[in-house]
Q: 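Here it is, the structure in full.
The figures that follow rest on heavy atoms only: side chains count, while hydrogens, waters and symmetry mates do not. For reference, positions follow the sequence shown, starting with 1.
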Amino acid sequence: NQKQLKKLKDVQVVTKEGKKIEVCGNIGKPEDVLQVLEYGGDGIGLFRTEFLYMDREQAPTEEEQFESYKFVLEKMEGKKVVIRTLDIGGDKTLPYLPLPIEMNPFLGYRAIRLCLDQIEIFKVQIRALLRASVYGQLAVMFPMISGIEEFKQAMEIVELCKKELEKEGRSYSEAVEWGIMIEIPAAAVMADELAKHVDFFSIGTNDLIQYTLAADRMSEKVSYLYNPLHPAVLRLIKMTIDGAHSQGKWVGMCGEMAGDEEAIPTLLEYGLDEFSMSATSILGAKKKLLEN
Ligand code: PEP
Ligand code: MG
């Protein structure tokens, strides 16, 4: 069976209508890219960059981050690489970055909220991403976006970093795509409006489900409520996909649900353009997608 699946490694998933579907991998460490290639990923749909910041004494420098992003882009040889900016807070903390103690960290100071507040930390990452962008096809996305203002503020910082780099005589690519994660219900509801401003969406179902159903993704006690196929979750996903397509933008999914074989037929029917998952789920997902 594993051998049969392996045959799908270089198979491109195409729908009955002739639309290409991207089946990509999620990574945490740059080296994980090798496993995604081994399993035939069409690209990287989510690079969780917070792992570069974890298990160390201080934040990675611009140079270190640049090397990590360049490595992944080069290994993917022109295939799309979606890198998510720092998503710290919630369940993930850093020893050198004290966070306020909050009653509800998942509803608090995390991800883009923290980055827009601590711009010096954010700028280091944006500069590293821009500098690496010349080595492949880079797409950058911001986590935990609740409204358009946050995207606009983030893009102001991107523009600032571009100017700095120009002054320093460093190059970056103009072809970078800039997108947002849809993982807060408000963003899903407003998807058609948000889509006017961004290049793409990626649906983060791990958080979207917990926020929609008010069921902590870490709590076993309420895990019975945490249902990816709940009709409310499905409606939000459909709204997100329709919203993106109404503005001619593409939409991916990088939460666990994208690799869930029970969910795949529905997501395909809704018109999801890209599915991103752990490397080991890629071949099974391709098989499921090809059956439909
Ligand atoms: C998600 O929320 O679905 C997601 C992909 O991000 P993370 O699991 O890192 O929060
Ligand atoms: Mg998330």
Q: Taking the cut-offs as 6.0 angstrom to the six-membered ring centre and 45 degrees off its axis, would you call Lys6 and Tyr39 a cation-pi pair?
A: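 Satisfied, under 6.0 Å and within 45°.
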
Q: Would you say Lys70 has more than 12 foreign heavy atoms packed within less than 6.0 Å of its NZ?
A: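 More than 12 heavy atoms, drawn from other residues, nucleotides or ligands, come within 6.0 Å of this atom.
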
Q: If you measure from the Lys or Arg side-chain nitrogens to the Asp or Glu carboxylate oxygens, is any gap between Glu166 and Lys162 under 4.0 Å?
A: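 No, this pair does not count.
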
Q: I need the single residue from Ile264, Ile237, Thr266 that forms a side-chain contact (heavy atoms from CB on, under 4.5 Å) with Met257. Which is it?
A: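 Among Ile264, Ile237, Thr266, the one meeting side-chain contact (heavy atoms from CB on, under 4.5 Å) with Met257 is Ile237.
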
Q: Taking all heavy atoms of Phe142 and all of Phe122, pick out the closest pair and write down the distance.
A: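 Looking at all heavy atoms of both residues, the shortest contact is CE2-CZ, 3.7 Å.
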
Q: Taking CD in Glu159 as the centre, count heavy atoms belonging to other residues, nucleotides or ligands within less than 6.0 Å. Is the count above 12?
A: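 Enclosed.
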
Q: Salt bridge or not for Asp10 and Lys286, using N-O below 4.0 Å?
A: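 Salt bridge flag = no for Lys286 with Asp10.
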
Q: Given 3.5 Å as the limit, does a donor-acceptor pair link the side chain of Lys20 with the main chain of Val14, or not?
A: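 Side chain of Lys20 to backbone of Val14: no pair is present.
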
Q: Is Lys123 salt-bridged to Glu164, going by a charged N under 4.0 Å from an acidic O?
A: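 Result for this pair is yes, salt bridge flagged.
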
Q: Would you please classify the geometry between the Phe106 ring and the Tyr211 ring as parallel, tilted or perpendicular, with 30° and 60° separating the classes?
A: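 Aromatic pair Tyr211/Phe106 classed perpendicular.
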
Q: Salt-bridge test for Arg56 and Glu64: reply yes if a basic N is under 4.0 Å from a carboxylate O, no otherwise.
A: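 Between Glu64 and Arg56 there is a salt bridge, with a charged N closer than 4.0 Å to a carboxylate O.
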
Q: Is Arg131 salt-bridged to Glu62, going by a charged N under 4.0 Å from an acidic O?
A: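 Result for this pair is yes, salt bridge flagged.
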
